[in-house]
Amino acid sequence: MANLTLVQAINLALIQEMEKDSRVLLLGEDIGLNGGVFRATEGLFQRFGGDRVVDAPLAESGIMGTAIGLAMGGLRPIPEIQFEGFMGPAFDQLTNQAARFNTRTRGGITCPLTLRVPVGGGIHAPELHSDSPEAIYTHTPGLKIVMPSSPYDAKGLLISAIRDPNPVIFFEPKRIYRAFREEVPEDEYMVPIGEARTVCEGEELTIVSWGATVVQCMNAIEKSGKSIELIDLRTISPIDMDTVSKSVNKTGRCVVVHEAPKTCGLGAEIAAGVMEHCFLHLEAPVQRVCGFDTIMPYYKLELDYLPDEQRISKAITETLAY
Amino acid sequence: MANLTLVQAINLALIQEMEKDSRVLLLGEDIGLNGGVFRATEGLFQRFGGDRVVDAPLAESGIMGTAIGLAMGGLRPIPEIQFEGFMGPAFDQLTNQAARFNTRTRGGITCPLTLRVPVGGGIHAPELHSDSPEAIYTHTPGLKIVMPSSPYDAKGLLISAIRDPNPVIFFEPKRIYRAFREEVPEDEYMVPIGEARTVCEGEELTIVSWGATVVQCMNAIEKSGKSIELIDLRTISPIDMDTVSKSVNKTGRCVVVHEAPKTCGLGAEIAAGVMEHCFLHLEAPVQRVCGFDTIMPYYKLELDYLPDEQRISKAITETLAY
Amino acid sequence: MPVKTIFETKIEHVSILDEHGSFDADLGAGLIPDEDVVAMYKHMMVCRHLDEIAFKLQRSGRMGTYPENRGQEVPPLAAAYVLQEKDWMVTCYRENAGLFWRGLPMEKILLHWMGDERGNHIDNCNVTPPAIAIGSQMLHATGLAWSSKYKKDGAIACTFFGDGATSEGDFHEAANFAANLDLPVVFVCQNNGWAISTPTKLECSAPTVAQRGIAYGMDCVQVDGNDIFAMVKVVRDAVKNARDNNRPTFIEALTYRLGDHTTADDARRYRDADELAMWEKRDPMIRLRKYLEDKDLWSSAQEEEQLAEASKIVTTVVKNAEEIEAPTSNDFFDCMYTDLSPQLQLQRDTMRTSSLGQDPSQVTIQPKEGAVQ
Amino acid sequence: MPVKTIFETKIEHVSILDEHGSFDADLGAGLIPDEDVVAMYKHMMVCRHLDEIAFKLQRSGRMGTYPENRGQEVPPLAAAYVLQEKDWMVTCYRENAGLFWRGLPMEKILLHWMGDERGNHIDNCNVTPPAIAIGSQMLHATGLAWSSKYKKDGAIACTFFGDGATSEGDFHEAANFAANLDLPVVFVCQNNGWAISTPTKLECSAPTVAQRGIAYGMDCVQVDGNDIFAMVKVVRDAVKNARDNNRPTFIEALTYRLGDHTTADDARRYRDADELAMWEKRDPMIRLRKYLEDKDLWSSAQEEEQLAEASKIVTTVVKNAEEIEAPTSNDFFDCMYTDLSPQLQLQRDTMRTSSLGQDPSQVTIQPKEGAVQ
Ligand SMILES: Cc1ncc(C[n+]2csc(CCOP(=O)(O)OP(=O)(O)O)c2C)c(N)n1
Ligand SMILES: Cc1ncc(C[n+]2csc(CCOP(=O)(O)OP(=O)(O)O)c2C)c(N)n1
Ligand SMILES: [Mg+2]
Ligand SMILES: [Mg+2]
């Protein structure tokens, strides 16, 4: 066991999977000698050499598209896109190519690749460095999507993603890359894709969240003094509606918290799903505490935009009072 | 008044707006001499010349990105992307540039452009010619999105879109380009962006749909013999939740029908919104009849994928029986 | 010196068997064994017949949109002839002649255009399915070449695309990755004069498309794409450069689409009849037949025989394609992922997305005690 | 002839005032009036001072990430000097010297990097805000040039980007559109040797970046980007080509980023100290000062005076930027669209997305009669 930050846990998982499987290679901008702009790949170039840790040209579609070719060629590429705001140029290769090869070829060609992308706001970064586009990819069949909220899950989910024979997006909530440490086993282990985690149990209300906002939810729950169940989705696609609906069938009330804009965000899917599965147990409409339907503002105002403890607390109170 | 198909109504609106406003110009693949692959721009090259109806190189990001520049330069460009499946390469310019300039510059630079895109399935086309990505763009603040389901609305919405000082996506449901005709006024008129249309009134259940599936909904309603209200959103972003929630507060039951995959589709947003606005009036969980969470299959199976009258009818029955 | 030249380059055009049937022995002699030339001619006859039949199938409603290959048989065939089995051929949709030479069952292509993904399930011949998104496939070729270099298996990748495709950003990125990372890729642009209704000069206004490759410091060359000898020569050089030096090459093959863009197109709307007539005279099969006949390698009798053979082959292929059992909706669920999530399984088994339809038991769920209702 | 040369070209490198201070009078004499050279030198001093102060502001927590411009003053300044008022300058983020010359208030740039969109609200100087998405801005320049051609207003667009940016597909599409549609664009690539930690040879392995332009049949040229005279000359030629002939030009300006990539970067991780030392000697300001002093156009006294002046200017600029009133959350709602939808207005006014929070009256809504409850 080691006491690691989330980014260290990622680094460790990469090292261990590369040691284990020579088909695993990394490609991305500045991931080599520089170790990645967040240092997630620190030391890997030195350890595994330039054939396995490859600095790519500045071209996200190129990174995604060649990763597809590498995967078709039998390897297990791990492309990195430097910030979620730069997934745009890779969108076509990711959604129309990587996500479709398996069904397009009726199983003939798979794309076992893991796309690593730092995600989310709160670090006072420039424009296009603070978005939360996960719903867009959740609406794209053919991808799996995970987002850890803790070092333990980060390591276990990344290992699962790398070993998964399907294309997986591994979103890394950059706000908590180094926010706290956790005991992480030295040995390899897998956190299964598709299973949410019940962070704490409760009877009166269910909160569903993922990524960096899980931390804010925990704080709000603690302050509330109420018996609240917190579910960290961990896997965003496919969503573990079973865990969510079991919880809401018990509590009767639900709040979803995420950073992305409200309209057509993942909160809508969870609310709709909760209504479908828990209709007769629902005592209040599912509340969504999320980003506004605006572009994430530049950093002077980013804390006005991001859902925070206060907004979560209000939603808890109001939902319980309903 | 003339009896026009939807594609003819579009052609007419383009002609009239080009006559009226010399700032309007068109760019896209094969829209010139060839008149567009669906003939939506038929005759315009001959009428307005190659400076105003411009065949572009085969590059969707280029089309979108130069259209942004044209708009910044004070013009009113109408870029066309040949099929919705080829919006992928334009995704970055559309969502990270066109949609963001107004807020990025705090009103200094606007992008008054109308992106025309044929959308949806049902015409036995090859892969990537039958998708319904509207939810992805609805989750993108900064864009307005419309999708007509009739020739009358097509003309009026297109004129509104062209005159709107914001970037608008004008989705054209290709399945009904020529499916039926309707009386369309010769004179110019606007159908306001942001207002849904109540296609028929009813007391027992509300169906919400848009684009080509509106036709299927009408058929299913007719067959049902029930008193059903049908709302055609027409504008997809911003959604007219007022009209929807007034209706559901009256009927107490709601079914949403769309072609896109279910998860994180627009149906989720509408279901969540209905729950928020009509919770105490809801007698059944909102039902979603939509595309499956798979890639739209090649055309041999496309009718298995698309929501049809039968699936809509079942959802009506089940929702009423709940 | 205030102004100095720091880089010089040129583009060459290669032709061996020209449209008038004249053959350059200096370059051409011994390039391809006679029996191979005959075999390729015979193969082209079959391909062209399949193309005609496919067109007719579409016209009679037995197939969806189909892109005719007619006139463009040479570039892909030459590449397939040169490539080794372990190499990858990553194509667009006008390369039937090359794919079939490599062993792709012809019915696969028909099935694809009949709207059936099983046409894309390809075993053991290292080719990829038709690329519908223009420009998307070259990056996959670059990645495949990269995987071979990584695995040190000695294979290379050869990718095909049209003149229009060179306008897409993905083409640029594919070529740039290949050049900068030293990857064994051969880029073959079939410049057939048009991208649907858009003439090549609107896609690439430079004097040649070949010079696109100069941007990446690649070798580049223009070749008569209707000349099997010239094509084999330049592809062979490029493959050697890839295999021996891990260096990509850009080949511009000048050819022409003798048919419409696809069966959904009517080229008369935008294309001069004169231009078409001129290119019909440059048909690669005319000059090749003449060459073979001049060398006494081919006769009218053989032509007839092979026509009959082609017809026989294609009849069987069409039968196979048409008689395949109907696909079921399970297919598109089962193949979304290598595993099936419970949600997807439910959708598949109920063919519904409405929750009540999926789980009728919900109707009888008992309200929780104390619920607001 | 079976193999014939069908295209030949070359790339030239232009230099007038070299790193040792030697000046080529043939090309350079009369190119720029002395007083303008002095004015540009003075301007560069101000820009460099602002750059230093911006760096310090970041280090002391008064500003977010900032990309130092140091060492790259010449290319954008030369362009701004040549351009007319009506022309557009569409830049990335290392072109402060050009933007300020065109009249962009310096505090705008500080505000941008202080995380404030008001820094991007720019009046009347036809420049665009910093482009954060690498490669995105060139297409806007191409579109702006197109709009000028359409409106026949005689303006052109000049766009700036880095060596790394030429790897993006959008660069390719922008250049291709400009060339094929005959648009008046000047493409200036500031090749500063690096894209963060990635050396130029990994972005473009061709002998020159300039030859990227050959792919589009554009004129292209390489120039010493630390030489104000050579830069002015090549930009002037390119602008003329754009204005008179509607033809784009590709300029590769060789320069160097003397600082880290941004304040979030530490270039020592990947960059040799020797390389940096070599380029420090090539600093454009050293040679320009020497040139001016040799010609008796500048003195140490003037240098000190201008340093003081720069300090005064920058102090005011920083004060203006820091003393601007705090933005309010209304800003990001009100500027999403030119109009505000009711939904957005509700979110703005309540600062909530939860429906109960937005509409507390819901809590007391009466159930409809006959509802299941
Ligand atoms: C990304 C994308 N954009 C647009 C289309 C529509 N489209 C299909 S083929 C074609 C022209 C292709 O021209 P070219 O690359 O020259 O190939 P050719 O058909 O001439 O062989 C176009 C525009 C597409 N399939 N994919
Ligand atoms: C589309 C996109 N991808 C990645 C980045 C992250 N990034 C910021 S600057 C940079 C390097 C840019 O290099 P270059 O174009 O040479 O400009 P320079 O910084 O050297 O002036 C990268 C990779 C980005 N901002 N945008
Ligand atoms: Mg072509
Ligand atoms: Mg650079």
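Quick note on labels: first sequence line is chain A, next is B, and so on, each numbered from 1.
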For [X] and [Y], which heavy atoms make the closest approach, and how far apart are they?
X: A/G73; Y: C/S147; answer: CA-OG, 3.4 Å
X: A/I109; Y: C/P129; answer: CD1-CD, 4.2 Å
X: A/G62; Y: C/L139; answer: CA-CD2, 3.6 Å

Is the backbone of [Y] close enough, under 3.5 Å, to the side chain of [X] for a donor and an acceptor to pair up by distance?
X: C/H140; Y: A/G69; result: no
X: A/N166; Y: C/T338; result: yes
X: A/Q93; Y: C/S136; result: yes

Let me know if [X] has heavy atoms under 4.5 Å from chain C in its side chain, its backbone, both or neither.
X: A/A99; answer: backbone
X: A/N96; answer: neither
X: A/L75; answer: side chain
X: A/D242; answer: neither
X: A/S61; answer: both

Is C/K151 in contact with chain A via its backbone, its side chain, both, or neither, using a 4.5 Å heavy-atom distance? side chain

Region of C/N180 that comes under 4.5 Å of a non-hydrogen atom in chain A: side chain

Using a 6.0 Å cut-off, check whether atom NZ of A/K226 has over 12 heavy atoms from anything other than its own residue. no

Report, as yes or no, whether the 6.0 Å neighbourhood of atom CG on C/N124 holds more than 12 heavy atoms from other residues, nucleotides or ligands. no

Hey, could you give me the [atom1]/[atom2] distance between [X] and [Y], rounded to the nearest 0.5 Å?
X: C/E173; Y: A/I63; atom1: CD; atom2: CD1; value: 8.5 Å
X: A/D51; Y: C/K152; atom1: CG; atom2: NZ; value: 6.0 Å
X: C/D170; Y: A/M64; atom1: CG; atom2: CE; value: 11.5 Å
X: A/I193; Y: C/Y337; atom1: CD1; atom2: OH; value: 10.5 Å
X: A/F279; Y: C/L356; atom1: CZ; atom2: CG; value: 9.5 Å
X: C/E117; Y: A/N102; atom1: CD; atom2: CG; value: 11.5 Å

Can you tell me which residue among C/L181, C/T142, C/L183, C/L144 is in a side-chain contact (heavy atoms from CB on, under 4.5 Å) with A/T66? C/T142

Set out, in order, the CA-CA distance, both residues' side-chain angles and the distance that settles side-chain contact (heavy atoms from CB on, under 4.5 Å) for C/Y150 and A/R23, then state yes or no. CA-CA 9 Å; C/Y150 183 91; A/R23 296 171 306 170; 5.8 Å; no

Do [X] and [Y] have side chains that get closer than 4.5 Å, going by heavy atoms?
X: A/D92; Y: C/E168; answer: no
X: A/L27; Y: C/W146; answer: yes
X: C/L344; Y: A/P141; answer: no

Can you tell me which of C/W88, C/F333, C/F332 forms the most heavy-atom pairs within a distance under 4.5 Å of chain A? C/F332

Sort out for me which of A/T110, A/T105, A/D164 touches chain C most, counting heavy-atom pairs under 4.5 Å. A/T105

Count the heavy-atom pairs under 4.5 Å between each of A/K144, A/R106, A/M241 and chain C, then report the option with the highest count. A/R106

